[in-house]
Every structure is written in C-alpha cells, then in structure tokens.
Amino acid sequence: MKSSAHAMPELMAGSMTTTGRTMDVTARLTYVPRDPHVITVTITDRAGAVPIWTIGRDLLLGGLIAQASCPAGMGQIRLWTCQSRSGPSLIIARMTSFAAFLELDLKEVADFVMGTLELVPQDEEFRQLNLDAELGWLIA
C-alpha cells in the first residue's frame, strides 16, 4: 500500500444543472488519505460560487457502475452513469431543498477513484485512521 498524508486533488471540467439552468463549472475532487472514506468535491462556476460536496468514496465507486434507473445512494447524494453529447458521464445529484446535478467525464472520475485506491486500498482505510488523536480531540 502506498500510504501518503498528502491530498490528491484533480481538476475536471463539467456542467451543473440547477433549477432549469445549466452552466459550465470546474470541479476539484480531493482525496486525503488521513480521511480515507471521503472525497470532497469543490465546484466553481464563472461567478465564483463554490459549493462543497462531501461524498463517500464507496458511494462514488458504486456510482461508476450505476444506471439512472437504479442510482447509487439513497439519501441526499445519488450517482449514476449516462451517455451525454460529450461521451460517457457520471451524474452526481444532490437532492436537498433543491436539486443540483453535476455532470463529469466518467473516465476522468474513474481514473481519479482508481488513484485513491492505489493510495489506500478498499477495506484498508482503518489503517489510516489515528483513533487516539480523534478520541483526544473529542474529549478535549
């Protein structure tokens, strides 16, 4: 296992649809091995808006093979693949008080997730956790 304390960020071009409007965005996917279960998605549009979504790595893995008829996820975040004009895509939907759909290139996301698995293999995440430090923070 290639363990690293450094973040693994990846910038991707994408599009976001909210309330009937679609805009080009840049999405930065970030994986930090110290927090091995989570991928952070920071979305920036031309106006500089920066929503930040947190997605479980296992959920993102499930989304890479899910179809729209049976998306990965049951809560606020749902993921599925689709074929768009630009090619195979991954849709990440955030269903809160309004719906937001982020579309990213499927291969780019898959490559990113595979890179996280090289850093911290699936089912090895517990080796990255410092439970003593976390417990100390909680009781401090």
**Prompt:** Can you tell me how far CG of Leu29 sits from CE of Met8, rounded to the nearest 0.5 angstrom?
**Reply:** 9.0 Å

**Asked** Hey, does the side chain of Asp35 reach the backbone of Val38 with a donor-acceptor pair shorter than 3.5 angstrom?
**Response** no

Can you give each donor-acceptor pair under 3.5 Å made by side-chain atoms of residues 60-79, sequence neighbours left out, with the distance rounded to 0.1 Å?
| from | atom 1 | to | atom 2 | distance (Å) |
| --- | --- | --- | --- | --- |
| Gln67 | NE2 | Thr81 | OG1 | 3.3 |
| Arg78 | NE | Gly75 | O | 3.4 |
| Arg78 | NH2 | Met74 | O | 3.4 |

**Request:** Examine Val41 and Leu106 and state if one hydrophobic cluster contains both, with Ile, Leu, Val, Met, Phe, Trp and Tyr joined whenever side-chain heavy atoms are less than 4.5 Å apart.
**Result:** yes

**Complete:** The salt bridge (charged side-chain N to carboxylate O under 4.0 Å, His left out) partners of Asp111 (sequence neighbours excluded) come to Lys107

**Asked** Going hydrophobic residue to hydrophobic residue with side-chain gaps under 4.5 angstrom, can you get from Ile91 over to Ile43?
**Response** no

**Message:** Just verifying a value: how many Å separate Leu104 CG and Phe112 CZ, rounded to the nearest 0.5 Å?
**Reply:** 11.0 Å

**By side chain to side chain donor-acceptor pair (under 3.5 Å) - contacts of Glu103 (at least two apart)** = Ser84, Ser89

**Message:** Test of understanding: clusters of I, L, V, M, F, W, Y form through side-chain heavy atoms closer than 4.5 Å, transitively. Do Met114 and Leu11 belong to the same one?
**Reply:** no

**Message:** With rounding to the nearest 0.5 angstrom, report the OG1 to OH distance, Thr40 to Tyr31.
**Reply:** 11.0 Å

**Message:** Give me each pair satisfying side chain to side chain donor-acceptor pair (under 3.5 Å) with a member in residues 8-20, each pair once, sequence neighbours excluded.
**Reply:** Thr17-Thr22

**Request:** If a pair satisfies salt bridge (Lys or Arg N to Asp or Glu O under 4.0 Å) and one of its residues is in residues 40-51, list it, with sequence neighbours excluded.
**Result:** Asp24-Arg46

**Prompt:** With sequence neighbours left out, what residues match Ala99 under side-chain contact (heavy atoms from CB on, under 4.5 Å)?
**Reply:** Met95, Phe101

**Message:** Could you check whether any side-chain N or O of Arg57 sits under 3.5 Å from a backbone N or O of Thr116, counting only pairs where one atom can act as donor and the other as acceptor?
**Reply:** yes

**Item:** Minimal non-hydrogen separation, Val25 against Met16, with atom names
**Value:** CG1-CB, 3.9 Å

